[in-house]
Amino acid sequence: MKQKFFTKQLLKWATTIDRPMPWKGEKNPYFIWLSEIILQQTRVEQGLPYFLKFKEKYPTVHDLANAPEDEVMKLWEGLGYYSRARNLHFSAKHISKELNGEFPKNYNEILKLKGVGAYTASAIASFAYDLPHAVVDGNVFRVLSRCFGIEIPVDTTEGKKEFNKLANELLEKKQAAKYNQAIMDFGAIQCMPKAPLCSSCVFKKECIAFRKDKVLDLPIKSKKIKKKTRYFNYLILNFKGDVWINKRLEKDIWQNLYDFPLIETKTQAKKEDLIGSEVWKKCIGDSDFKIQKISNPFRQLLTHRKIIATFFEIELSSDILIKKNSYIKVERKNLSKFAYPKVIDLYLKDNSLNLSHRW
Ligand code: SF4
């Protein structure tokens with residue numbers, strides 16, 4: 001397919017669709033940045049309510065910069081990839097304080113913001129300032145590999161270089177915002193991963209993948225991600241309506257979110273495996289306790305990990321003093337004020353009916 005034809009057809013196709021989004025046509029770089037960070041690795045339907053919440057709560061970059069981190073994390077709760085929220089907050093402070101609230105105005109400066117990669121910098125530069133930078137993400141890999149029949153794996157350096165070059169050649173430089181929006185829309189509603197709408201596609205005559213019956217074989221990835229399983233055993237220590245929660249300060253998944261005292265094991269643990277472990281000794285010591293309930297395993301899939309979490313509801317007969325700064329004693333009825341990973345949230349919601357009258 002000729003490159004000029006692709007660009008022209010794509011822009012023409014864009015005028016025929018109706019896909020309103022609150023950030024479409026937005027020129028405020030702060031809101032564009034917000035929407036792009038929220039939409040990284042996230043479906044539009046899932047990210048949309050978060051974008052609206054953030055926009056309302058923090059209408060300017062200064063509002064976001066001045067917000068307490070726990071509040072930002074709480075607002076982000078449920079969206080996953082929490083480093084995005086931490087980086088967003090960090091960069092908001094940088095823009096507010098070091099740059100006097102002025103959002104960077106060119107690609108290289110935007111790229112310097114923490115949490116902003118090439119894709120996000122191109123999106124912001126083109127949408128906010130109409131600068132000629134093509135977005136290249138999973139959608140673009142898919143559309144270009146299919147239309148142009150490119151079989152180089154997209155997750156290799158060579159593949160990335162090749163797709164990046166082609167994407168920038170195809171970009172309509174005088175209408176960078178429109179073009180980038182068009183290719184993203186096209187990947188989202190026409191050339192979808194599993195069920196592309198080839199029979200109604202404007203490229204069906206020229207698209208190489210369609211002509212060669214390779215639509216579902218492209219794009220090619222060289223390696224499949226293997227997921228490692230981690231077993232998390234949570235001790236929910238109850239004493240007279242209080243429980244202990246833990247702020248995850250270590251460099252690990254879910255940094256700065258809250259969970260409970262945790263014993264990680266290599267396989268699914270039984271209660272005998274936990275009693276006597278370091279964490280158990282540190283938390284419970286010689287105090288009397290009763291294990292009230294052991295939950296079924298709760299699962300959460302992350303990009304590289306599978307988390308299997310089991311919750312041990314333990315009733316203590318006396319108060320305890322845990323010497324660890326990250327542990328905080330809170331009233332059980334106030335648990336919902338903190339931000340948790342999804343698997344904890346699922347457990348707490350699952351138990352919300354019987355918790356209130358048990359403790
Ligand atoms: S014909 Fe099918 S595979 Fe080719 S661009 Fe259109 S939707 Fe995608």
Side-chain angles (χ1 to χ4, degrees), residues 1-21 23-25 35-36 39-48 117-120 122-123 126-127 130 132-225 303:
M1 183 180 342
K2 293 242 168 66
Q3 294 189 355
K4 272 195 179 146
F5 173 81
F6 175 88
T7 304
K8 211 171 143 197
Q9 276 297 87
L10 183 70
L11 285 168
K12 200 167 144 200
W13 171 86
T15 62
T16 66
I17 59 152
D18 185 25
R19 193 174 177 239
M21 301 282 171
W23 47 80
K24 261 194 190 175
S35 69
E36 290 299 333
L39 291 177
Q40 285 171 0
Q41 324 260 9
T42 302
R43 282 174 298 110
V44 169
E45 310 81 71
Q46 197 197 354
L48 185 63
Y119 167 83
T120 306
S122 295
S126 62
F127 294 143
D130 242 320
H133 295 275
V135 290
V136 186
D137 71 343
N139 273 321
V140 176
F141 285 143
R142 186 169 65 254
V143 172
L144 299 189
S145 67
R146 287 174 176 174
C147 278
F148 293 89
I150 305 171
E151 301 198 3
I152 307 171
V154 295
D155 53 350
T156 57
T157 314
E158 193 198 355
K160 285 192 184 115
K161 225 166 141 187
E162 181 80 16
F163 280 97
N164 212 42
K165 184 168 165 276
L166 177 60
N168 277 290
E169 284 166 4
L170 294 166
L171 175 73
E172 173 57 85
K173 304 220 167 18
K174 290 194 188 116
Q175 300 182 64
K178 266 196 187 143
Y179 174 88
N180 277 340
Q181 189 61 59
I183 198 158
M184 283 156 67
D185 284 338
F186 189 79
I189 64 171
Q190 184 82 39
C191 193
M192 294 91 94
K194 288 192 184 123
L197 308 174
C198 298
S199 55
S200 65
C201 180
V202 291
F203 297 120
K204 72 176 172 199
K205 278 199 206 129
E206 298 81 11
C207 172
I208 296 187
F210 186 56
R211 278 171 33 199
K212 292 190 174 173
D213 199 16
K214 283 188 164 181
V215 172
L216 296 183
D217 299 334
L218 294 173
I220 290 173
K221 278 191 186 160
S222 65
K223 39 186 183 264
K224 285 221 159 112
I225 296 168
T303 314

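On a predicted model such as this, the values are computed, not experimentally measured, just so you know. What you see below is based on every heavy atom in this structure, not just the backbone, and it leaves out hydrogens, waters and symmetry mates. Just so you know, ligand 1 is whichever comes first in the structure, and atom 1 is the first atom listed for that ligand.
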I'd like a table of donor-acceptor pairs (distance under 3.5 Å, sequence neighbours excluded) in which one partner is a side-chain atom from residues 198-207, with atom names and distances.
residue : atom : partner : partner atom : Å
Ser200  : OG   : Gln190  : NE2          : 3.2
Ser200  : OG   : Leu197  : O            : 3.4
Lys204  : NZ   : Ser199  : O            : 2.8

For residues 156-167, which side-chain N or O atoms pair as donor and acceptor with protein atoms under 3.5 Å away, sequence neighbours left out?
residue : atom : partner : partner atom : Å
Thr156  : OG1  : Pro153  : O            : 2.8
Thr156  : OG1  : Gly159  : N            : 3.0
Lys165  : NZ   : Glu169  : OE2          : 3.3

Would you list the atom pairs, donor with acceptor, under 3.5 Å between side chains in residues 174-181 and any protein atom, with sequence neighbours excluded?
residue : atom : partner : partner atom : Å
Asn180  : OD1  : Val135  : N            : 3.1
Asn180  : ND2  : Ser126  : OG           : 2.9
Asn180  : ND2  : His133  : O            : 2.9
Gln181  : NE2  : Asp185  : OD1          : 3.3

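With hydrogens and angles disregarded, no donor-acceptor distance shorter than 3.5 Å links the side chain of Thr16 to the backbone of Ala14. The closest donor-acceptor contact from the side chain of Asp155 to the backbone of Lys221 lies at 3.5 Å or more, if one exists at all. Formation of a donor-acceptor pair under 3.5 Å by the Arg146 side chain with backbone atoms of Ala209 is not found in this model.
The count of protein N, O or S atoms under 2.8 Å from atom 4 (Fe) of ligand 1 stands at 1, with waters excluded from the count.
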